[in-house]
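I have placed the structure first, in the form of structure tokens, so that the comments after it can refer back to it.
Just so it is clear, the values below take in all heavy atoms, side chains as well, and ignore hydrogens, waters and symmetry mates. Order of the sequence lines sets the chain letters (A, B, ...), proteins ahead of strands, with each chain counted from 1. Quick caveat, the model's predicted, so the values are computed rather than measured.
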Number of protein chains: 2
Amino acid sequence: MSNLSTTSDDILACARSLIVAGGYNGFSYADIADVVGIRKASIHHHFPSKVDLVRTLVARYREEAEAGMANLELQVSDPLEQLRSYAGYWEACIADASAPFCVCALLASQLPVLPAEVGLEVRAHFRSLSAWLTSVLERGARHGQLQLMSTPRAEAEAFMATVHGAMLSARAYGDPKIFGAVTGPLLERLQIRS
Amino acid sequence: MSNLSTTSDDILACARSLIVAGGYNGFSYADIADVVGIRKASIHHHFPSKVDLVRTLVARYREEAEAGMANLELQVSDPLEQLRSYAGYWEACIADASAPFCVCALLASQLPVLPAEVGLEVRAHFRSLSAWLTSVLERGARHGQLQLMSTPRAEAEAFMATVHGAMLSARAYGDPKIFGAVTGPLLERLQIRS
DNA sequence: GACGGCCATCCTACCAGAAGGTAGACAAAG
DNA sequence: CTTTGTCTACCTTCTGGTAGGATGGCCGTC
């Protein structure tokens, strides 16, 4: 009943946290081997090459992200509350330092030196996140629940950029609170004022 | 009269563009040697270690940035116009692909794996940029030239984060225009409306 | 003006360790 | 008796870095 081969999951989880810390070139098979308690060669059994490893890692990350958005659609009806949940998710991740950066955001910064296959996955995440944010904002505006200053699409891009920038600032300042300090007003601005 | 040893400048310029492309671990002495047309060992004459190279590179970048802000203070009096110039500078850099990312923003994303000395310089840039933005916004608000929705400090952090996030999005989408699409409305929002 | 020393620059050659990756043996499970 | 997962051992290339020798400009001295 338990997952078959939790080892490969361990490898993915470990690689993910190493990527979040230092990007594609910031870790090696040896690093993973040390943490997971396995030999380098054994990792190659699960993921023949580093590109395989990172590609499936990002693919899985994307699945989780899509699932998260879908879940938010089901669980939360109010658009503003959906955005709050999204920002809140990251605020919690950053606060407890469990995963203080979006894997795809970090990899995107290194796009020019990324293997093409990984780059494609990363770009796809940006498109899907942006599409979801656009739909949320569009719906909020249409139902008079959100106050937009420009098109939903433009507002979504700005929202996404600000969230990513806030992650960066939190890391640069070494202060998790800065994330909330930036995203809080971002959400307030979307709120309908009487 | 000409600069003494333009070679070391060439090395710094080359390293800068390589860092902008792939971060600290995204380039090697061999890469620089190839581009500059010099042997690996010769680079060590100018910069004994990679840490030396990157530290002085970032230090110089910071000097240029500070000089740029000081210059903006002298040349442009209107706060909104100063911000527009700042954003416009990056918009141009991204559009012509000459330096499509802030060195410090890129390095900040890898802070956990950065040598401590480099990390210090990177953090210092964030503080000085944020301080300048804060002062511009504060002055603009005080003189009734800008419309702020919260404190100058908070607004400055949000501004900086959005600009950095816009760089990331432009890279992720492979589309320079997205930078202007995000920063344009950001500036508009600060404008006084009658 | 010639001479020798100094020093900055660049070179070839080399090194140790880390990188990603391969080959093949072994054990356990089905 | 094959499949799955792990291991040891090894390979090649890259990595940052070192040692020491050539070159050549600049200096003060004779």
Determine, for Glu121(A) against Arg55(A), whether the closest basic-nitrogen to carboxylate-oxygen distance falls under 4.0 angstrom.
no

Applying a 4.0 Å non-hydrogen cut-off, can you work out what Phe47(A) is touching in the nucleic acid: base, sugar-phosphate, or nothing?
nothing

Does Ser49(B) place a side-chain N or O at less than 4.0 Å from the phosphate oxygens OP1/OP2 of dG16(D)?
no

May I ask you to say what Ser42(B) touches in the nucleic acid, namely base, sugar-phosphate or nothing, with a heavy-atom cut-off under 4.0 Å?
base

Please check if any side-chain donor atom of Trp132(A) sits under 3.5 Å from a side-chain acceptor atom of Glu73(A), or the reverse.
yes

Of the candidate nucleotides dT4(D), dC11(C), dG20(C), which contains the atom at the shortest distance from the side chain of Ile38(B)?
dC11(C)

Asn25(B) CG to dG16(D) C1', straight-line distance once rounded to whole Å
12 Å

CG of Asp10(B) versus C1' of dC10(C): gap in Å, rounded?
14 Å

Phosphate contact (dC10(C) OP1 or OP2) by His45(B) side-chain N/O below 4.0 Å:
no

Please give, in whole Å, the distance from dA18(C) P to Phe27(A) CZ?
17 Å

What I want to find out is whether Asp9(B) reaches Arg60(B) closely enough, with some N-O distance under 4.0 Å, to be called a salt bridge.
yes

In terms of hydrophobic clustering (I, L, V, M, F, W, Y; side-chain heavy atoms under 4.5 Å; direct or indirect links), are Ile32(B) and Val35(B) co-clustered?
no

Nearest-Å distance for atom pair CZ/C1', residues Arg39(A) and dT4(D):
19 Å

Atom-pair distance (OH on Tyr29(B); P on dT15(D)), nearest Å
13 Å

Among dG16(D), dA19(C), dG20(C), which is the nearest nucleotide to the side chain of Lys50(B)?
dG16(D)

Could you tell me if Gln110(B) and Arg171(A) have a donor-acceptor pair between their side chains, going purely by distance under 3.5 Å?
no

Can you identify which nucleotide, out of dT15(D), dG20(C), dT18(D), has its nearest atom closest to the His44(B) side chain?
dT18(D)

Roughly, in whole Å, what's the span from CD1 in Ile32(B) to C1' in dC14(D)?
15 Å

Does dC10(C) have OP1 or OP2 sitting under 4.0 Å from an N or O in the side chain of Thr7(B)?
yes

Can you check whether His46(B) has a side-chain N or O nearer than 4.0 Å to OP1 or OP2 of dA8(C)?
no

If you pin Asp31(A) and Ala41(A) to their nearest nucleotides in DNA chain C, which one's is more 5'?
Asp31(A)

